[in-house]
Structure formats: C-alpha cells, structure tokens
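These notes are about the structure you will find just below.
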Amino acid sequence: MIVQPLNQKQIPDVIALMGLGEPYITPRTYSDYWLYATLFSSTCPLAVIDDELAGAVIGFRSQDDPDELYVQDVMTHPSYRRKGVVRELLNDVLSRAKAMDCRRVYLTSEPSNHVAHKTWTTLGFTNVPGDDIVDGVSVITDFKGPGKTRAVYEFRLRPDSHA
Ligand SMILES: CC(C)(COP(=O)(O)OP(=O)(O)OC[C@H]1O[C@@H](n2cnc3c(N)ncnc32)[C@H](O)[C@@H]1OP(=O)(O)O)[C@@H](O)C(=O)NCCC(=O)NCCS
C-alpha cells in the first residue's frame with residue numbers, strides 16, 4: 001500500500017471512489033477537490049494498492065483554531081475494506097497533526113453508522129460526550145446545523161495547554 005497526498009491528477013478517481021460511499025458519503029464537486037489538492041494535500045492522504053485507489057481521507061487543519069485538525073471524509077473502496085487502509089490513512093493524518101503540534105484530530109459520523117463507530121473507537125478515537133444518546137452512541141444535537149445531529153469522535157495528541 002502506498003500512501004500519498006491528494007494530487008490534482010487523482011481527482012476523477014477520488015470522485016469515483018466517493019461515489020461508492022452512499023449513504024454516508026457522497027462525492028463533492030471537482031472544484032472542491034481541486035481546493036483540497038491545492039491547499040490541503042498534506043492532510044488529504046490517498047491509499048493506492050496495485051495502482052488502484054483503495055481509500056481516501058480528507059482533512060483540514062483549522063485556520064480559526066490551529067490546534068485542531070478536522071477530518072471531513074473517510075472512505076475505503078468496498079473491495080479493499082478490512083485490510084487496514086483507513087488505519088494507515090488516519091495514522092498518516094495523526095502523524096501530520098502531531099508534527100503540526102495540533103491538540104486533537106476530530107471527525108463526525110452519523111449515529112447509525114455502526115461500522116464507522118467501531119472503526120474510530122478501534123483506532124483510538126473516543127466518542128465525545130454530547131447531549132443525547134442515539135443507538136448507544138453519544139451525539140451532539142444539530143452539531144452541523146439544524147437537523148444535522150452527529151456523533152463526534154476525537155483523538156487527543158496533547159493536553160489542552162502546553163503548561
Ligand atoms: C468505515 C470505513 C472507512 C473503514 O475502512 P477500512 O479501511 O475498512 O478500515 P480498516 O480495515 O482500517 O479497519 C480498522 C479497524 O476498524 C474496525 N472495523 C473496520 N470495519 C469494520 C467492520 N465492517 N466491522 C467491524 N469492525 C470494523 C476493525 O476493528 C478494524 O481492525 P481489524 O480489521 O484489524 O479488526 C469503511 O467501512 C468505509 O469506507 N465505509 C463507507 C464510508 C463511511 O461510512 N465512511 C465513514 C463516514 S464518516
């Protein structure tokens with residue numbers, strides 16, 4: 001498995017890959033991926049196996065709070081699941097975040113996405129306590145806007161302050 005930063009040439013393949021992620025992932029537009037490949041490639045690693053795009057993670061270090069790195073999309077091709085693809089990709093993002101001295105990496109998923117919950121918790125992320133429990137998962141109501149209740153997960157890289 002080769003892990004490499006998102007490159008503009010790979011955008012059509014990433015869009016095709018994300019198209020296989022329903023109902024939890026849907027592809028964004030070409031110009032969104034152009035932005036990711038041009039401004040955020042180091043936190044958007046792709047996994048390539050036998051010249052095929054096996055997985056992708058799209059992440060961004062916050063400009064408003066540089067202590068935080070948010071992971072927006074996580075996707076493994078159905079043919080390559082349970083082979084450690086996302087383990088490698090998220091480890092790559094965690095290494096980048098650590099190198100940038102971020103405090104935490106966080107992501108969200110829908111509470112019904114049990115495979116995602118199992119994956120995040122297996123890889124060391126913790127389910128952030130919220131204001132409700134849905135399907136046994138703690139959620140934050142309207143986290144992403146009205147009606148967009150999400151389970152939030154975080155991986156802490158260092159304590160809140162450097163003190
Ligand atoms: C969730 C998803 C990204 C996991 O990717 P993956 O590359 O298959 O994950 P990995 O092989 O790295 O798995 C890491 C660990 O997570 C857990 N895990 C992953 N898939 C699992 C499943 N289907 N059932 C139970 N545990 C699972 C396992 O503990 C696994 O370690 P193990 O195989 O050594 O036991 C993948 O299933 C996917 O792309 N799903 C559709 C898109 C999606 O829902 N993305 C998240 C939305 S935010």
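As the structure lists them, so they are numbered: ligands from 1, and atoms in each ligand from 1.
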**Request:** Please work out whether the ring planes of F40 and F60 are parallel, tilted or perpendicular, with thresholds of 30° and 60°.
**Result:**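 Aromatic pair F40/F60 classed perpendicular.
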
Taking heavy atoms and a distance under 4.0 Å, where does [X] meet ligand 1: side chain, backbone, both or neither?
X	value
E88	neither
T122	side chain
I25	side chain
W120	side chain
N113	side chain

Would you tell me whether [X] and [Y] have side-chain atoms, one donor and one acceptor, within less than 3.5 Å of each other?
X	Y	value
Q72	Y36	yes
T141	D131	yes
T29	D32	yes

Which atoms from ligand 1 have a heavy atom of [X] less than 4.0 Å away?
X	value
R81	8 (O), 36 (C), 37 (O), 38 (C), 39 (O), 40 (N), 41 (C)
V115	1 (C), 20 (N), 21 (C), 22 (C), 23 (N), 37 (O)
G84	10 (P), 11 (O), 12 (O)

**Message:** Would A116 count as a polar contact of ligand 1, with the cut-off being nitrogen or oxygen pairs under 3.5 Å?
**Reply:** no

Is the closest basic N to carboxylate O distance between [X] and [Y] below 4.0 Å?
X	Y	answer
R104	E68	yes
D13	K9	no
D142	R150	no

**Asked** Nearest protein heavy atom to atom 32 (P) of ligand 1: under 4.0 Å?
**Response**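 Flag for atom 32 (P) of ligand 1 set to true, protein heavy atom closer than 4.0 Å.
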
